[in-house]
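Reminder, nothing fancy here: chain letters follow the sequence lines and each chain counts from 1. Computed from a predicted structure; not experimentally measured.
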Number of protein chains: 2
Amino acid sequence: MRQWTHYPALDLSPILAVSLDQIVRHGYDATSVRKIAAEVGVTVPALYYHFENKQAILMALLDHAMTTVTAHVDAAVAEAGPDPVARLSGAVEAIVLYMAHHRDLAFLDSERRSLSPANLARYVEHRDRIEGLLRDAIVSGCRAGVFRTPAPAVCGRAILAMCQGVAGWFDPSGPKKAEETAADYVRIALAAVESA
Amino acid sequence: MRQWTHYPALDLSPILAVSLDQIVRHGYDATSVRKIAAEVGVTVPALYYHFENKQAILMALLDHAMTTVTAHVDAAVAEAGPDPVARLSGAVEAIVLYMAHHRDLAFLDSERRSLSPANLARYVEHRDRIEGLLRDAIVSGCRAGVFRTPAPAVCGRAILAMCQGVAGWFDPSGPKKAEETAADYVRIALAAVESA
DNA sequence: ATTGACTTAGCGAGCGCTAACTAGAATTCT
DNA sequence: AGAATTCTAGTTAGCGCTCGCTAAGTCAAT
């Protein structure tokens, strides 16, 4: 139970680990394949043995991010059962924990612009699914009369955006632990939808 | 009165207008000075007659963004007087209107990573000022007993993040006008801080 | 005669990416 | 079992291109 609150450290190949670090620090465009190779301790063509091109490295990292967050959020919502309060709470808690524990992966979201149309579509689809999860929970809460917000769709987007913001400021060595922050955000989200 | 709800179209020099368009479409790193020059209809050194280097173009645009949003939010908060509800409402309304009307300028926020340390510091200072405005309004509302959120600082960050998200999805040809969206967000923000 | 707003021409560096080769491990054939 | 082959995970060397940027010249308006 509540297995989805656990976010173990990432298990990435050396190339992906170095690439993630470099992209987070300097951005995708400013990260050259030469720099990645040098940091890994291999030559450039070694990268091309494992990945078709530079964008495939970014996409592999984004795939990792997508599967990680989707698995946790889906598990949280499934465990919550049919109650809209529990579903929204679970989704927000899982998302915030992800943002706090994997700030680097979360940052990659801002590099989606570098994706080809096909890859971008796949990524956007995933993001829409999570937004849909939030919106559905809010809408069903409104139908059940437990949420009173007059704008469920806008509310869903607002909540997702505020959760994503956590990755930008959360400090693991700061005063608030990830779990406390997640609890704060659950309370804020429930208040935002005007939970009865 | 309420002059700050007006966001007139930008008045940018041809170089800055083209640069903004290109940076929003392709990102700062992927926008070359050659592309900007060609789009403006001049040669590359003409850009260097008006700007010291490429980053100075980005910084000029960010300066424009900073002064625009700061002027409007400051005016909104000043007009609100001492009431925390009015101050928070005014700030959120002004920020959301800015995000909806100047989505391109708002997008530049994600390019702050390309700034030199000195320029970045100046930009972060400005962002912190706005976050401080929100936090102060929330804290004084808590002191006055009109807001009941147990985490005013976290709440301020959450509200700023959700407002910034508007720039990412707002569609001027969509069903919701900017003013309606701003009203939605004011209501969400007041609910989020648990306004009595 | 000077200034403002450019132009032509081009430097040096870094970019993503690839063809061709190689050392060692694993597998298959006789 | 031992030789021959194939596969894995790289290497060296370098192509063609674009990048930010600049020195030096032009030319109309002040």
Side-chain angles (χ1 to χ4, degrees), chain A residues 10-64 107-108 110-120 122-123, chain B residues 10-64 107-108 110-120 122-123:
Chain A
L10 290 173
D11 182 29
L12 295 172
S13 71
I15 291 175
L16 287 181
V18 164
S19 298
L20 177 56
D21 179 63
Q22 292 290 316
I23 292 172
V24 168
R25 288 234 289 266
H26 309 110
Y28 174 75
D29 283 310
T31 299
S32 72
V33 293
R34 276 167 243 261
K35 179 75 187 169
I36 295 170
E39 210 77 18
V40 173
V42 296
T43 58
V44 171
L47 303 184
Y48 286 88
Y49 177 78
H50 294 280
F51 297 93
E52 193 189 345
N53 51 36
K54 187 187 171 189
Q55 188 183 145
I57 295 178
L58 174 60
M59 199 57 204
L61 288 169
L62 283 170
D63 261 323
H64 219 90
F107 168 84
L108 290 180
S110 67
E111 300 291 357
R112 78 186 113 87
R113 173 192 51 224
S114 299
L115 259 28
S116 69
N119 282 336
L120 179 61
R122 208 150 64 76
Y123 184 72
Chain B
L10 291 174
D11 181 30
L12 295 173
S13 71
I15 291 175
L16 287 181
V18 164
S19 298
L20 177 57
D21 178 64
Q22 292 291 314
I23 292 172
V24 168
R25 289 235 289 268
H26 312 295
Y28 174 76
D29 282 309
T31 299
S32 72
V33 293
R34 275 166 242 260
K35 179 74 187 171
I36 294 170
E39 210 78 16
V40 172
V42 296
T43 58
V44 170
L47 303 184
Y48 287 88
Y49 178 78
H50 295 281
F51 297 93
E52 194 190 343
N53 51 37
K54 188 187 171 188
Q55 189 182 144
I57 295 177
L58 174 60
M59 199 56 205
L61 288 169
L62 282 171
D63 261 323
H64 218 90
F107 168 84
L108 291 180
S110 67
E111 299 291 357
R112 79 187 113 90
R113 174 192 48 225
S114 300
L115 259 27
S116 68
N119 282 337
L120 179 61
R122 206 149 67 74
Y123 184 72

Ion pair present between B:E39 and B:R25, side-chain N to carboxylate O less than 4.0 angstrom?
no
Given side chains that start at C-beta, do those of [X] and [Y] come closer than 4.5 Å, heavy atoms only?
X      : Y      : result
A:Y28  : A:R113 : no
B:R122 : B:D63  : yes
B:L10  : B:L20  : yes
A:L16  : A:F51  : yes

Closest non-hydrogen atoms of B:S19 and B:I57, given as atom of the first, atom of the second and distance, are OG-CG2, 3.4 Å
For B:I15 against B:I36, the heavy-atom pair lying closest together
O-CG2, 4.3 Å
Measure all distances between protein nitrogen or oxygen atoms and nitrogen or oxygen atoms of nucleotides 3-5 of chain C, and list the pairs falling under 3.5 Å.
residue	atom	partner	partner atom	Å
C:dA5	OP2	B:Y49	OH	3.1

Identified side-chain contact (heavy atoms from CB on, under 4.5 Å) partner of A:L58 from the options A:N119, A:N53, A:L108, A:T31
A:L108
With A:S114 as reference, evaluate A:D29, A:I23, A:L120 under the side-chain contact (heavy atoms from CB on, under 4.5 Å) test and give the passing residue.
A:D29
Name the pairs: protein N/O against N/O of nucleotides 13-20 of chain D, kept only if under 3.5 Å.
residue	atom	partner	partner atom	Å
D:dC19	OP1	B:S32	OG	3.3
D:dC19	N4	B:R34	NH2	3.4
D:dG20	OP1	B:T31	O	3.4
D:dG20	OP1	B:K54	NZ	2.8
D:dG20	OP2	B:V33	N	3.0
D:dG20	N7	B:R34	NH2	2.6
D:dG20	O6	B:R34	NH2	2.7

A:T43 side chain near D:dG10 phosphate (N/O to OP1/OP2, under 4.0 Å)
no
Measure CZ/B:F51 against P/D:dT22 and give the value in whole Å, please.
16 Å
DNA chain D contacts made by residues 11-27 of chain B, counting heavy atoms under 4.0 Å
none
Side chain A:Q22, main chain A:K35, donor-acceptor under 3.5 Å:
no
